[in-house]
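The structure appears below as structure tokens.
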Amino acid sequence: MQSLRSWSSDVVHLDLTSPPSSSSSNTTPMSTTATSGGSSCLSIDEEESTETRIQRLISEHPVIIFSRSSCCMCHVMKKLLVTIGVHPTVIELDDREMASLPPPPPPSSSPTHGGIPSMNHPSPAVFIGGTCIGGLESLVALHLSGHLVSKLVEVGALWV
């Protein structure tokens with residue numbers, strides 16, 4: 001059975017790993033739907049692979065944050081976006097599921113930590129319009145450069 005836990009009105013924890021195989025050959029695919037914050041609907045087909053589920057969630061939501069449980073940086077990301085007027089979908093993943101995220105932009109276009117490229121799978125990872133922006137530093141850099149609002153308007157997540 002698909003694991004679904006609601007932590008607050010705007011954060012949903014989904015177990016995106018594939019369900020265990022059933023020995024019965026006549027099982028029917030199941031789906032789980034969750035509503036988060038009243039306006040966002042998450043639908044999960046239990047027959048999908050973790051990677052397929054993540055890709056579908058990314059394509060269905062203009063702004064989505066994948067985070068680990070109790071991540072303070074996710075809270076900061078969310079506060080920045082809410083202050084601008086965007087209410088992102090937030091999905092909490094475990095370490096194995098984080099590894100299934102598409103990679104962030106190449107190091108030449110993403111921020112570094114003292115000359116060392118950012119992690120392959122930053123946590124939290126924000127996707128805007130299906131594109132991985134990266135972690136908190138990348139989102140803040142996009143905001144400080146003045147390009148965040150225009151990107152949010154471009155993907156339909158913000159109306160100005």
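Numbers here are sequence positions counted from 1.
One distance of note links CD1 of Ile54 with CD of Glu97; it measures 6.5 Å at 0.5 Å rounding. A distance of 4.5 Å separates CD1 of Ile84 from CG of Leu80, quoted to the nearest 0.5 Å. Here CH2 of Trp159 is found 11.0 Å from CG of Leu152. Values are rounded to the nearest 0.5 Å. The OG1 atom of Thr50 sits 13.5 Å away from the CE atom of Met98 when rounded to the nearest 0.5 Å. Distance check, rounded to the nearest 0.5 Å: OG1 of Thr89 to NE2 of His87 gives 11.0 Å. Atom CD1 of Ile133 and atom CD1 of Ile128 lie 4.5 Å apart (nearest 0.5 Å).
Between Pro124 and Arg68 the shortest side-chain heavy-atom distance does not fall below 4.5 Å. Leu101 is listed as a side-chain neighbour of Leu93, based on a closest heavy-atom distance under 4.5 Å. Put simply, the side chain of Ile64 does not reach to within 4.5 Å of the side chain of Pro88, judged on heavy atoms.
Looking at Glu60, its side chain never comes within 3.5 Å of a backbone N or O of Leu57 through a donor-acceptor pair.
By the side chain to side chain donor-acceptor pair (under 3.5 Å) test, Thr83 pairs with no residue at all, sequence neighbours left out.
Closest non-hydrogen pair, Lys78 versus Ile65, comes out as N-CD1, 4.3 Å. Counting all heavy atoms, side chain and backbone alike, Glu51 lies closest to Ser100 at OE2-OG, 3.4 Å.
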side-chain contact (heavy atoms from CB on, under 4.5 Å) for Ile91 and Ser67? Distances and angles first, verdict last. CA-CA 6 Å; Ile91 307 288; Ser67 174; over 6 Å; no
Can you list the steps and then say if Phe66 with Ile58 is a side-chain contact (heavy atoms from CB on, under 4.5 Å)? CA-CA 10 Å; Phe66 292 98; Ile58 290 169; 3.6 Å; yes
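In the hydrophobic cluster analysis, where Ile, Leu, Val, Met, Phe, Trp and Tyr join through side-chain heavy atoms closer than 4.5 angstrom, Val82 is grouped apart from Leu148.
For the side-chain contact (heavy atoms from CB on, under 4.5 Å) criterion with Met77, the lone passing option out of Val126, Val90, Val63 is Val126.
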